[in-house]
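Accompanying notes for the structure given below.
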Protein chains: 2
Amino acid sequence: MQKLTLKKIAQELEVSISTVSKALKDSPEIGEDTKEKIKAFAKLYNYKPNNIALSLKNRKTRTLGVIIPEIVHHFFTTVISGIEEVAEEMGYTVIIGLSNESFEKEVTNMDKLANGSIDGFILSVSKDTQLRQDFHHLKETIDQGMPIVMFDRAIPEIDCDKVIVDDEEGARKAVKMLLENGASKVAIITTEDHINVGKLRTAGYISALEQSGVPINEALILKLKDAYNDEANLDKLNQEIHSFVLKNAQIDAIFAVNEKYALTAMRAVQLAGKSIPDDIQVVGFTDGVLSRFATPALTTVSQHGKELGRKAARLLIDRIEKDNFDPPFTTVVLETELIQRESTR
Amino acid sequence: MQKLTLKKIAQELEVSISTVSKALKDSPEIGEDTKEKIKAFAKLYNYKPNNIALSLKNRKTRTLGVIIPEIVHHFFTTVISGIEEVAEEMGYTVIIGLSNESFEKEVTNMDKLANGSIDGFILSVSKDTQLRQDFHHLKETIDQGMPIVMFDRAIPEIDCDKVIVDDEEGARKAVKMLLENGASKVAIITTEDHINVGKLRTAGYISALEQSGVPINEALILKLKDAYNDEANLDKLNQEIHSFVLKNAQIDAIFAVNEKYALTAMRAVQLAGKSIPDDIQVVGFTDGVLSRFATPALTTVSQHGKELGRKAARLLIDRIEKDNFDPPFTTVVLETELIQRESTR
DNA sequence: TTTGGTTACGAAATCGTTGTAGTGTTAATA
DNA sequence: TATTAACACTACAACGATTTCGTAACCAAA
């Protein structure tokens, strides 16, 4: 049985297409008995209007395009689940595009979706894009009247709605707690500075130390190359972190800018025969499964990913439905939350 | 600047719409200089054909609908990444629908996408659907000429392409290895039987024991209620597993049907003062981040999620492009791989 | 001059839907 | 009896693209 269309119903019942359309919309123009007949037929054969035709007619797709760097990633999936929740609520569909942290893929993916498939974007730019500082694709889509909401990894130069995490403050809170718990040699394991969130978290670490009058010791700052995040280079990552921990025996606390770094550090510490949290306290960033199931369970800075996704989706849908794509744009800053578990005192 | 259409180009250059269309497709019907002019204009103003219009015309969307029970889930995202890879390669887009393990949401999500938005489904049914044994929505979409590829949680009663994991064999391999390593009291932590994969893994456990001549001891089989998988009931899950471990002091190996159960069991074992793998070996199922970052790193049965996604996408795209929605259907069974890490001897 | 064949383009149908603007019939009003 | 209004429906254009068919203009061969 092929898909039912208005045309087929019209032929079957020997009325015009318009009559069928109006009858199904319960228009007063159509006589009661005709309406009944058409509705019954439609129901019986389970007629559902064709979305594509509607999208073309209305020039609205009720679809949101979400572009993320990676999908096998706890934080991003949490955000998606928030987006999906609101989208579902408001009758929208979600298309996912993956950039795989590549600028090219980000551009082609956006280009593809921008041609009528969606009503707006929710996106977190790839590392590659941050590195190249090439944002022409973002500017162009906005210029073409397509609204964008950026999240987490936002670009200051681009004028659009944004939902970001207060990374700096989150890091500051974490490091201050470490200090208050009696630590004085707090190390940080972070990324290179071109990764925006890494930079911000590093800034939070430094400002926490400064505000507490603790001198900054460059030796306690480990900036890991981005390439080490590949599955293939896991060994290298391990090595770097292990030797960092061994070299700096005075460390009494570690702040890591993600779960992976934190867990690897915990391992290194334990292998070095020190106990967590008694000898060394550890805090991570991002509240994922790793933190919860680590031994000891990792104290971490939660980013409220789901709430972030919800906010982003609401902002975007609001713009779409109000047909308002002009400034002013909002930037929502979500506060982080320090989740105390067993890796701190 | 609004989106450019063929019509606008035609008006601007004072030719007909057909001429523009043909010129851009480099049709020999159009004169060289006219073609040049039109192409230059289109390029300058970055014309891209409207996907929705094309979809309507061709009655093909080049879009795949993926319905999964959950997105914050390592296995499913791995599968998606595989699907996405092939989709990208073949010029397809991916729409994600989440069922949240609910039958209702599965049905409404599928209904929504089935109305012209996609060319076919790749899906893993919700637990709720498995429990209710109500598959009318699957039958109906197939009847309407929409191809479906099921993965992982497949329904035997539904005739369509399937890509599944050899859960039983995977479990058998894991348990046999435990036995070969000298274990004799192997416990299993599994789900209730209405969860298909749980059931299969339990069957594998039992068959491994039988084939090795080890008597089955019902006391060593822990079936956990599905409700315990909720974040909210994490305590209850912990409790159940901990008391199971304590109650059965004779256990010398544990096979858990997922990472969460495995990690929780590891914790319970360690808290009980026993060492892994010396006193008790532990094996999990699903090769996620948890296994890799656990201490000790968890030996696990990998399902090759990415490959599964790739296979599923290829099967679906093949059907779509060959316009062949009829039997025979294929069932691809993916072999699992035992990844030896530190939690076994 | 007539016929035929290129060349270079345009008109119109189509995909499935919606909404506006008719249209034919009947009944009520002036 | 002529006008008008209400009713119940249909025709048509539009959304943006493709594609088949048609045709005007030109040149060459008969």
Side-chain angles (χ1 to χ4, degrees), chain A residues 2-39 42 45-63 112-119 144-146 323, chain B residues 2-39 42 45-63 112-119 144-146 323:
Chain A
Q2 269 305 311
K3 264 264 117 182
L4 201 54
T5 65
L6 288 186
K7 197 178 179 180
K8 287 183 194 146
I9 300 181
Q11 279 166 351
E12 209 61 42
L13 300 183
E14 295 179 303
V15 289
S16 77
I17 297 180
S18 343
T19 304
V20 179
S21 172
K22 286 174 186 163
L24 293 176
K25 309 211 88 114
D26 212 22
S27 154
E29 279 184 75
I30 308 299
E32 279 309 324
D33 32 357
T34 314
K35 271 202 263 192
E36 282 315 310
K37 195 176 61 178
I38 293 175
K39 282 190 197 165
Y45 293 104
N46 193 32
Y47 169 79
K48 295 267 168 57
N50 181 304
N51 275 328
I52 296 288
L54 285 178
S55 294
L56 183 59
K57 184 109 213 343
N58 304 328
R59 279 170 320 151
K60 289 257 146 110
T61 59
R62 296 195 81 82
T63 301
K112 199 172 158 196
L113 296 182
N115 296 304
S117 304
I118 60 163
D119 293 341
Q144 302 218 336
M146 173 80 64
D323 227 322
Chain B
Q2 268 304 314
K3 263 265 117 182
L4 200 56
T5 65
L6 288 186
K7 199 179 180 180
K8 286 181 195 148
I9 300 181
Q11 280 167 351
E12 209 61 42
L13 300 182
E14 295 180 301
V15 290
S16 78
I17 296 179
S18 349
T19 304
V20 178
S21 172
K22 287 172 190 165
L24 292 176
K25 309 213 87 117
D26 211 22
S27 154
E29 277 185 76
I30 308 298
E32 279 310 324
D33 33 356
T34 315
K35 269 202 264 191
E36 281 316 308
K37 195 176 62 180
I38 293 175
K39 281 190 198 165
Y45 293 104
N46 193 31
Y47 168 79
K48 294 268 169 56
N50 181 304
N51 275 328
I52 296 290
L54 285 177
S55 294
L56 182 59
K57 182 97 198 13
N58 305 329
R59 272 151 354 132
K60 288 262 142 98
T61 59
R62 296 194 80 81
T63 301
K112 202 174 156 196
L113 295 183
N115 296 303
S117 303
I118 60 164
D119 294 340
Q144 301 218 339
M146 174 79 65
D323 228 323

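A quick note: this is a predicted structure, and the numbers were derived from the prediction, not measured. Labels below follow one simple rule: chain letters A, B, ... track the order of the sequence lines, proteins then strands, and each chain is numbered from 1.
- Looking at DNA chain D, the stems built from 3 or more consecutive Watson-Crick or G-U wobble pairs, each pair with its key distances under 3.5 Å, are C:1-30 with D:1-30.
- Note on Ser21(A): a side-chain N or O is less than 4.0 Å away from OP1 or OP2 of dT18(C).
- In this entry the distance linking CG of Leu56(B) with P of dA13(C) reads 17 Å, nearest Å.
- Using modelled atom types, one side-chain atom of Thr63(A) and one backbone atom of Thr61(A) make a donor-acceptor pair closer than 3.5 Å.
- Ser21(A) places no side-chain N or O within 3.5 Å of a backbone atom of Ile17(A) that could act as its donor or acceptor partner.
- Across every non-hydrogen atom of Leu24(A) and Ala42(A), the tightest pair is CD2-CB, 3.6 Å.
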All N/O contacts under 3.5 Å from nucleotides 7-11 of chain C to the protein, with atom names and distances to one decimal?
{"unit_1": "dC9(C)", "atom_1": "OP1", "unit_2": "Thr34(B)", "atom_2": "OG1", "d": "2.8"}
{"unit_1": "dC9(C)", "atom_1": "OP2", "unit_2": "Gly31(B)", "atom_2": "N", "d": "2.7"}
{"unit_1": "dC9(C)", "atom_1": "OP2", "unit_2": "Thr34(B)", "atom_2": "OG1", "d": "3.0"}
{"unit_1": "dC9(C)", "atom_1": "N4", "unit_2": "Glu29(B)", "atom_2": "OE1", "d": "2.4"}
{"unit_1": "dG10(C)", "atom_1": "OP1", "unit_2": "Ser16(B)", "atom_2": "N", "d": "3.4"}
{"unit_1": "dG10(C)", "atom_1": "OP2", "unit_2": "Ser16(B)", "atom_2": "N", "d": "2.8"}
{"unit_1": "dG10(C)", "atom_1": "OP2", "unit_2": "Ser16(B)", "atom_2": "OG", "d": "2.9"}
{"unit_1": "dG10(C)", "atom_1": "OP2", "unit_2": "Thr19(B)", "atom_2": "OG1", "d": "2.1"}
{"unit_1": "dG10(C)", "atom_1": "O6", "unit_2": "Lys22(B)", "atom_2": "NZ", "d": "2.4"}
{"unit_1": "dA11(C)", "atom_1": "N7", "unit_2": "Ser18(B)", "atom_2": "OG", "d": "3.2"}
{"unit_1": "dA11(C)", "atom_1": "N6", "unit_2": "Ser18(B)", "atom_2": "OG", "d": "3.1"}

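- With rounding to whole Å, Leu4(A) atom CG is found 15 Å from dC15(C) atom P.
- In this model, the phosphate group of dT14(C) is not approached by any side-chain N or O of Arg59(B) to a distance below 4.0 Å at OP1 or OP2.
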Please assess Lys48(B) against Lys3(B) for the test side chain to side chain contact (heavy atoms under 4.5 Å, CB included), listing each intermediate value before the final yes or no.
CA-CA 9 Å; Lys48(B) 294 268 169 56; Lys3(B) 263 265 117 182; 4.3 Å; yes
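- Residue Leu54(A) is classed as a sugar-phosphate contact, given heavy-atom separations below 4.0 Å to backbone atoms only.
- Between Lys35(B) atom NZ and Glu29(B) atom CD the span is 10.0 Å, to the nearest 0.5 Å.
- For DNA chain D, the span of nucleotides reached by chain A at under 4.0 Å from its heavy atoms goes, 5' to 3', from dA8(D) to dG16(D).
- The main-chain N or O of Leu113(B) is never found under 3.5 Å from a side-chain atom of Asn51(A) such that the two would form a donor-acceptor pair.
- We find the CG-OH distance between Leu4(B) and Tyr47(B) to be 7.5 Å, quoted to the nearest 0.5 Å.
- Per the geometry, NZ belonging to Lys48(A) stands 16 Å off C1' belonging to dG16(C), to the nearest Å.
- The CG-P distance, from Asn51(A) to dG16(C), rounds to 13 Å in whole Å.
- Counting heavy atoms from C-beta on, the side chains of Arg59(A) and Ile52(B) never come closer than 4.5 Å.
- For the pair Lys57(A) NZ and dT17(C) P, the interatomic distance rounds to 12 Å; values are reported in whole Å.
- Taking each heavy atom of Ala23(B) and Ile30(B) in turn, the nearest pair found is N-CG1, 4.0 Å.
- Remark: Asp119(A) does not engage Arg62(A) in a salt bridge, criterion side-chain N to carboxylate O under 4.0 Å.
- As rounded to whole Å, 10 Å separates atom C1' of dT18(C) from atom OH of Tyr47(A).
- Side-chain contact between Thr5(A) and Asn50(A): absent, with no pair of heavy atoms (C-beta onward) separated by less than 4.5 Å.
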